[in-house]
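Just the heavy atoms: all of them, side chains too, but no hydrogens, waters or symmetry mates, feed the values below. Below, chain A is the first sequence line, B the second, and so on; all start at residue 1.
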Amino acid sequence: MAPEEICGILKSEFGEAVEDACLDCGRPYALVSADSWPKIARFLRDDARLGFNLLCCITSLDMLAENKLAAIYDVCRIPFEGKADLLEFVHEFAVRIEVDRDSPSIPSVAEIWPAADWHEREAFDMMGIVFDGHPDLRRILCPDDWVGYPLLKDYEFPVEYQGIPGTTEHELLSPRH
Amino acid sequence: MSWIENRFEEGVMVTSLDWAINWGRSSSVWPMTFGLACCAIEMMAVGASRFDFDRFGAGAFRAAPRQADLMIVAGTVTYKMASRLKRLYNQMAEPKYVMAMGACTVGGGPYFKHGYHVVKGVDLVVPVDVYVPGCPPRPEALIEGLIRLQDKIKHQTRAKKSMNTFREAAIA
Amino acid sequence: MADTVLESAPDLLMDIDRVEQGDVETEELLINMGPQHPATHGVLRLVLRADGEMVIEAVPHIGYLHRCAEKIGENLQPYQYIPYTDRMDYLAGMNNNQAYSIAVERIAGMEVPERAQYLRVIFAELNRIASHLVAFGTYGLDIGAFTAFLYSFREREMVLDLCEAACGARLTYSYITIGGVHDDVPDGWFDRCLEFLDYFDPKIDEYNQLLSFNQIFVKRTAKVGVVSAEDAIAFGLTGPCLRGSGVKWDLRKSTPYDGYEKFDFDIPIGRPGGTDEIPHSVVVGDSWCRYYVRLEEMKQSVNLIRQAIRNCPEGATLAKKNKTVKLPDDEVYVEIENPRGQLGFYIRGDGSSIPARVKARGPSFCNLSIVRHISNNCLIADVAAIVGSLDVVMGEVDR
Amino acid sequence: MTQFSTPWVERNKPNLSAIEKLMVGVAMSVAGLAAPILRRFPAAIFFGAVAGGVVGIYLVALLSEAFLGEYHLLRDILAVTGVSLFAAHIPLFAIWWERKVAARIQSRMGPMRVGGWHGWAQSMADGIKLIAKEDLVPAAADAALFRLAPYVTLIPVVIAFLTLPFGAHWIFRNMDVGLLVIVAMLGVEVVGVIMAGWGSNSKWTVYGAMREACQMVSYEIPMGISLLLPVLTIGSLNLVQIGDAQAGGWHTWLAFQSPFMFVAAVAYYITSLASCKRAPFDLPESESELVAGFLTEYSGIRWSLFFFAEYVAMYIVAALAVVLFFGGWSSPISPEWIPDWMGRFLFADNAAARAAQGLILGGPIWMVVKSFFLVFVQMWVRWTLPRIRIDQVLYSCIQVLLPLMLVLLIGQTLWVLWVPEDSLLAMVTRIALSSFTGLAGLGACWIIFKARLKKRALVGVLAVEQLPGA
């Protein structure tokens, strides 16, 4: 199924909630509002025409110039149990959600796709996006006492962590006066 | 240090004892299975058929730190791992040796500049005996590192050390 | 999952029922498995909640090898970033190079010469063999068969020799690069490769005799860690872990890249016990299936390399010798079939030569997330079997 | 001139009296003469000492038997010295051997450097290192249990040697309950393991100890029953009597006497693997699951004592299998097959003839060789098979082996009752089973021989030689 069709189905079903779409991008996506995202996600998974059963990836994006954070959900459909020819059912799509950089919060879809569990934790760890309703939203890669969200564009590197210096460059360790 | 270290006054002739113990220690350096990243694969290759660490008596990879003599830090040490690394080092029984394998453990390697979560050299965490550079080092380099370590062990002494012994070593 | 475990360890479950009736007072035990543990394949940490030998819950903790690959990606030019992709999934450097190169080629609109595509397929498949060999060997190690590990490394060294002849590196190749491959292969390399394939093909049957059909091995892995097809897709499992659950899904077939559509190969999937040579106690989606899919994939890879060598055309191997590539203000997400599953690269350009965002979707990251779900009510020894059968590489989980 | 002074301080010359000077001089000259030889020919000296010790013990034993028959104390001292020396050398040899066997199975070389020829001194280097290593007792451990456990493990297996015969007269105490003593001592060994696991106060070690306890209660019963079969056939618990009953050549070995005995021999071997914690039953120290099992917290000399115990126990269970099922110290050659011209010399009553008898008809050498062959099979199994899970160990021991052993016991009882030793059925069984085993052994030898010839084809050219240009 082509991205235009998928986007058409979403627009006809949810109307205003689908704010924008980019279909001639390198990767076609639909921009949806954060509030209606769980509904859309459930529709994407359960609808017979779409049936996106695999959540490939959640990419978090820092748009510093627009003061926004974005999360991009890549979904795709895997046919199984030999329902049809392999290539016929293949389609993939991306959904993009943009939130305010100061208070980033997106509803969690870990209930809908269990794969989202760790992806959302990673996005929280790296960018600080809070996923409401996530069962266990903790840091996943960095230690629990880590300061800051490393993949933000304005992140400052740590000078030391638990007594281990963050660099061995002489000038930075003992600045000249 | 273990129970036998520093039992003898300086000048007591312990060369034969030293020779025997150094021979034992250098001939049976048991590494700990402590693979962190890419270098761990090369460390496994060194233990495997073609390179065969066991030829040098160092093939008995021990999983428990208590029985290991050599900690080959094979791979990038991160801040999250650093405390565990230190703990494992403290759990090892004396005498213990550390080999920094690969560029990351020698000094941060390719992750030096932008790696906010990477320790810039394992010698910031535990003392290192032998550095083996490379990314990852070839198995031959690791074997060379082991032979260097064996040389180092062979020059240890059980007698109490003073500055003089260090001076002698420096001149020799 | 409980009923499948019931079949694998009936006696112990009966004991637990008795205990719950108040016969004996027991306490749960929290065990910290890892980050330094022989069965955790690097620096995975599992916190087990155990009742005696039974594991009630196994919670994976990751991040002990978080090497900031994504931060580095948005600070370096694409050509400079290629070596870092090697170090993500360090057992399959070629495939990682390929994924990133394809992503950059898509966003920058570059064409790859045909010979380069064939060489990419050859090296990607060689690396797949090398990676699956490590998976096979270390899985034997997890189950307690030491010798399989040595055999697999013996053959892996030969693959590494072939890669070394082409690019000079054993593990971190950076051979497949943006716009093709770095250099052409040396003279006589194809003959060497064919010689290796002739030697290697019968070795896979030897591995099967040694380990796959060993009764103890089958007893240890069959019906352990069963993942249904629905669960596998819901948790985002890909690669051999997904195919082990009986789903016929392979990006090389469904969305071919680098000319995979020109090759003729099968997708091995997990099959129930009793069919063909599969042992009777095996069910689709258990650890044994996931393991055996890898062995069958090695045969397919041998087949693919033979075809590629037969049909490889002459010509250029690199599109252009330009060391900077301008990335337009666009974004692209590319997934390819890595030995462990679908490795995805998201790249966003902003018109300069340095990408604004690089995101890698590690297949092991998703594969590992199912551990908590499938290692309930199994034995401690089964946790090692389950984690081993998922074949995670921590470099890619933590990136 | 000061800049030419040595940068180190001269050692003080000691002030010695004349007699002290003389003593130091003698000591220095002896050391000066001995040290170069010691360093240059360590292998020759070591093997010379071992060979000399063996020959010496053999000679003294012969002499003491001939001249000092009355003096039991002297004989006992000699025997204990010999047995403990032998027990001490088993691990020294077997650990090195195991590393070499493992290496050859895995197409490696194994230890090659230490001591020269094929790393023969590897275990000695390991031993010296382990003795000089820190003896670490964890702060949270139960120090008394922790320190005691290695000895509780080691001493019983050494005690088991006291009733283990090496030959009809080569036994320290020929007791009527010899078999029971050995089985009991092997059982006590387990207590040490459990003490070690509990005393270490670590979760992994407790798991190792509990697994050992589970394993012990499951394998000890089938093992005990399998030992009953030869006992009820011969009618004695005395190991010398059991061994002597099989001295009539290859076909008179107990394992070939009835189908029940043959199966019992195999079953005993399987349970003996479980008894000395060898793969595939090495659950108490399973490396991929429990780090190092009950040994996790041990370091240095105490850890090596556990290994001593393990390897000695390996030898003991193998030797027990040899005595009970595989002819003990007798060779496969029956005395009846010796031709007259040879028998005239062989059965003469002098020292040379007795030595020749020991070589041809049976003696301690045969016992040791056969036992080490079974130890070799244990190693072979270890480096081939994966590890069984704990519930499968319990299942196989209690639900498979135990009923099987009971059936075998009843079957053997009836066989002894109803089938006389010289009946046709007994003869046919004996010949069939012994020739089957013999042919299997010859076949294995043939495969090994062919494999050596076809090394390149089997392992592959690429594994044997490097590629051209590689």
So, for [X] and [Y], which heavy atoms are closest and what is the spacing to 0.1 Å?
X       : Y        : value
B/Phe56 : D/Val114 : O-CG2, 4.5 Å
B/Ile21 : D/Ile128 : CA-CG2, 4.0 Å
B/Ser28 : D/Asp126 : CB-OD1, 2.5 Å

(message) Keeping B/Gln67 on the side-chain end and D/Tyr298 on the backbone end, is there a donor-acceptor pair under 3.5 Å?
(response)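 It does hold such a pair.
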(message) Check whether D/Glu134 reaches the backbone of B/Glu94 with its side chain - one donor and one acceptor, N or O, closer than 3.5 Å.
(response) yes
(message) Under a 4.5 Å cutoff for heavy-atom pairs, which residue among D/Ala292, D/Ala121, D/Pro111 has the most contacts with chain B?
(response)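 Heavy-atom pair counts peak at D/Pro111.
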(request) Name the option with the most non-hydrogen atom pairs under 4.5 Å to chain B; the candidates are D/Glu297, D/Met124, D/Gln106. (result) D/Glu297
(message) If we define contacts as heavy-atom pairs under 4.5 Å, which of B/Met92, B/Arg66, B/Gln91 has the most with chain D?
(response)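 Top option by heavy-atom pairs under 4.5 Å: B/Arg66.
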(request) Answer yes or no for D/Lys129 and B/Trp23: cation-pi contact, defined as NZ/CZ to six-membered ring centre under 6.0 Å and angle to ring axis within 45°. (result) no
(message) Using side-chain heavy atoms (C-beta onward) and a distance below 4.5 Å, is D/Arg113 in contact with B/Ser27?
(response)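 Of all side-chain heavy-atom pairs linking B/Ser27 with D/Arg113, none is under 4.5 Å.
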(message) I need the single residue from D/Gln122, D/Arg99, D/Lys100 that forms a side-chain hydrogen bond (donor to acceptor under 3.5 Å, both in side chains) with B/Asp54. Which is it?
(response)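 It is D/Arg99; the other options fail the test.
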If you draw a 6.0 Å radius around [atom1] in [X], do more than 12 non-hydrogen atoms from other residues or ligands fall strictly inside?
X        : atom1 : answer
D/Trp198 : CH2   : no
D/His89  : NE2   : yes
B/Lys113 : NZ    : no
B/Arg84  : CZ    : yes

(message) Report which part of D/Ala102 has an atom under 4.5 Å of a heavy atom belonging to chain B: side chain, backbone, both, or neither.
(response)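 When you check distances to chain B, no heavy atom of D/Ala102 falls under 4.5 Å.
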